[in-house]
Amino acid sequence: MAVKQVTDKKGKQDAFDIRNEVFVLEQKVDPALEWDEFDALDSTVMFVDYDEDGTALATGRFRALPAYGKVERICARKIARKIGSGRRIIEAIEQEARIQNVTLLKLGAQTTAIPFYEKLGYEVCSDIFMDAGIEHKDMQKKLI
């Protein structure tokens, strides 16, 4: 398995396909809320974790903002959960953040995913809020 930073049309489509499968079809997120202007920006860095056979397993994206880095759209197909794909995506994003000299990462975690992020060193820093009809909390991590 290998995480790749995707910049070509096929790689981005792999990321979009995973997000559609997980967020839109499985979690019933309105497509109008899932797709945004950041998907088209060159400054948005997208990652996909691929299986040895080329199957796209998990995805996530990273945006460097003036005060911190934003970790977004982290998701894994059902077949890729509990096998490290999500962790590999987060590790790739953290490595990219370090390359861009970003020292603080923030994300909006679905409340059911908080234990996953806590294992990776993220800490809750907000109360519950609703995003796309799903309970979330903001989390952050200082990179060393």
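Note that the coordinates shown come from a computational prediction; the quantities given were computed from them, not determined experimentally.
What you find for Val22 and Cys75 is that their closest heavy atoms are CG1-CB, 3.7 Å. The shortest heavy-atom contact between Ile89 and Ala58 is CD1-O, 3.7 Å. For the pair Phe16 and Trp35, the tightest heavy-atom approach, listed with the atom from each and the gap, is O-CH2, 3.3 Å. Between Ala97 and Leu143, the shortest heavy-atom distance links the atoms CB-CD1, 3.6 Å.
Taking a 6.0 Å sphere around CG of Asp42, one finds it holds 12 or fewer heavy atoms contributed by other residues, nucleotides or ligands.
Looking only at distances, no side-chain donor or acceptor of Thr111 sits under 3.5 Å from a matching main-chain atom of His136.
Looking at Glu96 and Gln100, their side chains do bring a donor and an acceptor atom within 3.5 Å of each other.
Hydrophobic cluster membership differs between Val3 and Tyr50, with clusters built from Ile, Leu, Val, Met, Phe, Trp and Tyr side chains linked at under 4.5 angstrom. Ile74 and Phe47 fall within the same hydrophobic cluster, defined by Ile, Leu, Val, Met, Phe, Trp and Tyr side-chain heavy atoms under 4.5 Å apart, directly or through other members. Connection of Val102 to Leu104 is not established within any shared hydrophobic cluster, with ILVMFWY side chains joined at heavy-atom distances below 4.5 Å, either directly or through further cluster members. Each of Phe23 and Val71 belongs to its own hydrophobic cluster when Ile, Leu, Val, Met, Phe, Trp and Tyr are linked at side-chain heavy-atom distances under 4.5 angstrom.
One finds the OG atom of Ser85 at 12.0 Å from the CD1 atom of Ile90 (value rounded to the nearest 0.5 Å). Once rounded to the nearest 0.5 Å, the distance linking CZ of Phe62 with CG of Leu107 reads 12.0 Å. Note that the CG atom of Asp17 and the OG1 atom of Thr59 stand 10.0 Å from one another [nearest 0.5 Å]. The distance from atom CG of Leu105 to atom CD1 of Ile93, rounded to the nearest 0.5 Å, is 8.5 Å. Atom CG of residue Leu57 and atom CG of residue Asp49 lie 5.5 Å apart, to the nearest 0.5 angstrom. Separation of atoms CD (Gln95) and CD (Gln5) is listed at 11.0 Å; rounding is to 0.5 Å.
Residues Lys12 and Asp8 are not paired through a salt bridge, judged by the lack of any N-O separation under 4.0 Å between the basic side chain and the carboxylate. Comment: Asp14 does not engage Lys4 in a salt bridge, judged by the lack of any side-chain N to carboxylate O separation of less than 4.0 angstrom.
Grouped with Ile99 in a hydrophobic cluster is no other residue, since no side-chain heavy-atom contact under 4.5 Å to another Ile, Leu, Val, Met, Phe, Trp or Tyr is found.
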Report, one line per pair, each donor and acceptor closer than 3.5 Å where one atom sits in a side chain of residues 113-129; sequence neighbours left out.
unit_1 : atom_1 : unit_2 : atom_2 : d
Tyr122 : OH     : Glu94  : OE2    : 2.8
Ser126 : OG     : Asp138 : N      : 2.7

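Judged as a salt bridge (Lys or Arg N to Asp or Glu O under 4.0 Å), the pairs with a partner in residues 67-81 (not counting sequence neighbours) are, in order, Glu21-Arg77, Glu26-Arg81, Glu34-Arg73, Asp36-Arg73, Arg61-Glu72, Arg63-Glu72.
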